[in-house]
Amino acid sequence: MSRAPCVRFGNAKRAADLKLYLEDPDNFETLSVVFNRSSRFGRLQGIKCAIAGKNLYIRFTCSTGDAMGMNMVSKGVQNVLDFLQTDFPDMDVIGISGNYCSDKKPAAVNWIEGRGKSVVCEATIKGDVVRKVLKTSVESLVELNMLKNLTGSAMAGALGGFNAHASNIVAAIYIATGQDPAQNVESSHCITMMEAINDGKDLHVSVTMPSIEVGTVGGGTQLASQSACLNLLGVKGASKETPGANSRMLAAIVASAVLAGELSLMSAIAAGQLVKSHMKYNRSTKDVSKASS
């Protein structure tokens, strides 16, 4: 998890001085000790800085065990900022979050650097299954994926949106398991890839999701229904054997569900069934008639 405060100095040189200090490997151990005091599980992993004039944005990243970890990383960052005031008394802390984190907003930094869990999920679908179950062809799926998810998204200037509908699945699982639904913004960053393999007979499909932000302890995970869902998935609470294992498994489940959803929707579109399926299974007409009567 990451948190990036914004600090300001009287001039750009002083901002650069702090940047050099923070990114010096010789200082990392000292900063880690200060950061790690805030939690049993929060462990500083790295610091990356960006200067804008005399302002410095400091992106702290840390491991957070089975928690999503926003509060954990924020406490560690506050410890470091307090520590830095001794050697940099002219540092003015503008805000503990300067949006270089970046939370609940589409941002290239999360797409490139990752935030939360970074997951790649893949599957090989036999050609017979593509034809008989998905009612399309390997060739049609590969072409549609290239022109829709890759080229079409590029034409639209998409940021992390090189997929069919990853956010639908992410939002549903987040609500069901007590995650922060607003973090669907960056958590549904996803690129879907499809390729014909085995001499064009079979389909290789994958989803790459660099910023899935999930936890299995804290927050909404403690609500009764959400706790039950986590228990059903076998990831409820903190892993006693390997801290962080449950949250990593939940992230893998999210990516697996997204892959299944991508395969389903893309097949419906390739087969020309999307509108027909909505008309057949949409219950709005029935519900509206009941309400009016």
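All values reported here derive from a predicted model rather than from experimental measurement.
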Just by distance, do the side chain of Asp202 and the backbone of Gly127 share a donor-acceptor pair under 3.5 Å? yes
Between Phe88 and Tyr21, what is the ring plane arrangement, given parallel below 30°, perpendicular above 60°, and tilted in between? perpendicular
Minimum heavy-atom distance between Leu265 and Leu274, given as atom pair plus value: CD1-CD1, 3.6 Å
Between Arg59 and Ser2 the two heavy atoms that sit nearest each other are NH2-OG, 3.4 Å
Can Tyr174 be reached from Met1 by stepping across I, L, V, M, F, W or Y side chains whose heavy atoms are under 4.5 Å apart? no
Using the side-chain hydrogen bond (donor to acceptor under 3.5 Å, both in side chains) rule, take Arg3 and Ser97 through it: C-alpha gap first, then chi angles, then the decisive distance, then the call. CA-CA 6 Å; Arg3 174 59 85 202; Ser97 175; 3.0 Å; yes
I need the Lys117 NZ to Arg248 CZ distance, nearest 0.5 Å. 6.5 Å
Give, for atom CD1 of Ile169 and atom OG of Ser256, the distance between the pair rounded to the nearest 0.5 Å. 12.0 Å
Indicate yes or no for a side-chain donor-acceptor contact from Ser118 to the backbone of Pro210 under 3.5 Å, with no hydrogens or angles considered. yes
Asn11 side chain to Lys13 backbone, donor-acceptor under 3.5 Å: yes
Is it true that, when you exclude Glu143 itself, more than 12 heavy atoms of the residues, nucleotides or ligands shown sit nearer than 6.0 Å to its CD? no
Keeping Asn110 on the side-chain end and Ser102 on the backbone end, is there a donor-acceptor pair under 3.5 Å? yes
For side-chain hydrogen bond (donor to acceptor under 3.5 Å, both in side chains), just list the numbers for Lys135 and Ser267, CA-CA rounded to whole Å, side-chain angles, deciding distance to a tenth of an Å, and then say yes or no. CA-CA 7 Å; Lys135 304 297 190 291; Ser267 298; over 6 Å; no
Under a 4.5 Å cut-off applied to non-hydrogen side-chain atoms, are Lys54 and Arg14 in contact? no
What's the separation between atom CG in Leu150 and atom CE in Met193, rounded to the nearest 0.5 Å? 6.0 Å
Looking only at atom types and distance, does a side-chain atom of Asp66 sit under 3.5 Å from a main-chain N or O of Pro243, one as donor and one as acceptor? no
Distance from Glu195 atom CD to Glu122 atom CD, nearest 0.5 Å? 11.0 Å
Pick from Asn145, Ile197, Val142: which one makes a side chain to side chain contact (heavy atoms under 4.5 Å, CB included) with Leu203? Val142
Evaluate whether atom CE of Met70 has more than 12 neighbouring non-hydrogen atoms of other residues, nucleotides or ligands under 6.0 angstrom away. yes
Just wondering, are more than 12 heavy atoms of other shown residues or ligands nearer than 6.0 Å to NZ in Lys105? yes
Tell me whether Met68 is reachable from Leu250 by hopping between hydrophobic residues (I, L, V, M, F, W, Y) whose side-chain heavy atoms are closer than 4.5 Å. no
Does Asn246 have any side-chain hydrogen bond (donor to acceptor under 3.5 Å, both in side chains) partners at least two apart in sequence or in another chain, and if so, which? none
Quick one: are Tyr57 and Ile94 in side-chain contact, heavy atoms under 4.5 Å? no
Dump the intermediate steps for side-chain contact (heavy atoms from CB on, under 4.5 Å) on Ile125 and Leu141, then the final yes or no. CA-CA 11 Å; Ile125 312 299; Leu141 279 173; over 6 Å; no
Kindly check if the number of other-residue, nucleotide or ligand heavy atoms within 6.0 Å of CE (Met91) is above 12? yes
Just do the side-chain contact (heavy atoms from CB on, under 4.5 Å) check on Tyr100 and Ile58 with the steps written out, would you? CA-CA 8 Å; Tyr100 187 53; Ile58 313 165; over 6 Å; no
Backbone N/O of Lys236 and side chain of Thr221: donor-acceptor pair under 3.5 Å: no
Among the clusters formed by ILVMFWY side chains lying less than 4.5 Å apart, do Leu18 and Ile96 turn up in the same one? yes
Can you tell me how far CG of Leu230 sits from OG1 of Thr216, rounded to the nearest 0.5 angstrom? 7.0 Å
For Asn163 and Ala166 the tightest heavy-atom approach is OD1-N, 3.0 Å
Within the 4.5 Å heavy-atom criterion, are Ile191 and Trp111 side-chain neighbours or not? yes
Val214 and Val217: same hydrophobic cluster, using ILVMFWY side-chain contacts below 4.5 Å? no
Using a strict cut-off of less than 4.0 Å between a Lys/Arg side-chain nitrogen and an Asp/Glu carboxylate oxygen, indicate whether Lys48 and Glu113 qualify as a salt bridge. yes
How far apart are the C-alpha atoms of Glu186 and Ser211, what are their side-chain angles, what is the distance that settles it, and do they pass the side-chain hydrogen bond (donor to acceptor under 3.5 Å, both in side chains) test? CA-CA 6 Å; Glu186 63 268 36; Ser211 49; over 6 Å; no
Sub-4.5 Å side-chain heavy-atom contact between Met194 and Asn149: no
Check: Phe60 and Leu31 side chains under 4.5 Å, non-hydrogen atoms: no
Looking at Val77 and Phe35, what are the two nearest heavy atoms and their distance? N-CE1, 3.6 Å
Mark yes when over 12 heavy atoms from residues, nucleotides or ligands other than Asn168 sit less than 6.0 Å from its CG; otherwise mark no. yes
Where the side chain of Asn55 meets the backbone of Ala52, is there a donor-acceptor pair that is under 3.5 Å apart? yes
All heavy atoms of Ser137 vs all of Val130, minimum pair found to be C-CG1, 3.6 Å
Cluster overlap Val7 with Val34, hydrophobic side-chain contacts below 4.5 Å: yes
Please check if the side chain of Ser239 supplies one atom and the backbone of Gly244 the other of a donor-acceptor pair under 3.5 Å. no
After noting the C-alpha distance and the side-chain angles of Cys49 and Glu23, does the key distance pass the side-chain contact (heavy atoms from CB on, under 4.5 Å) rule? CA-CA 8 Å; Cys49 300; Glu23 294 184 344; 3.5 Å; yes
Considering residues, nucleotides and ligands other than Glu139, do more than 12 of their heavy atoms fall under 6.0 Å from its CD? no
Min side-chain heavy-atom separation Leu22-Asn27 under 4.5 Å: no
Where the side chain of Arg40 meets the backbone of Arg37, is there a donor-acceptor pair that is under 3.5 Å apart? no
Residue pair Phe162 / Ser153: nearest heavy atoms and the distance that separates them: CD2-CB, 3.4 Å
Between Gln183 and Arg115, is the side-chain contact (heavy atoms from CB on, under 4.5 Å) condition met? List the steps. CA-CA 11 Å; Gln183 289 185 321; Arg115 190 171 196 254; 4.1 Å; yes
May I ask you to test the Ser187-Met209 pair for a side-chain heavy-atom distance under 4.5 Å? no
Side chains of Glu213 and Lys104 in contact at under 4.5 Å (non-hydrogen atoms): no
Arg131: which of Val129, Leu134, Asp128, Val133 passes side chain to side chain contact (heavy atoms under 4.5 Å, CB included): Asp128
CG-OG1 distance between Leu44 and Thr61, expressed to the nearest 0.5 angstrom: 6.5 Å
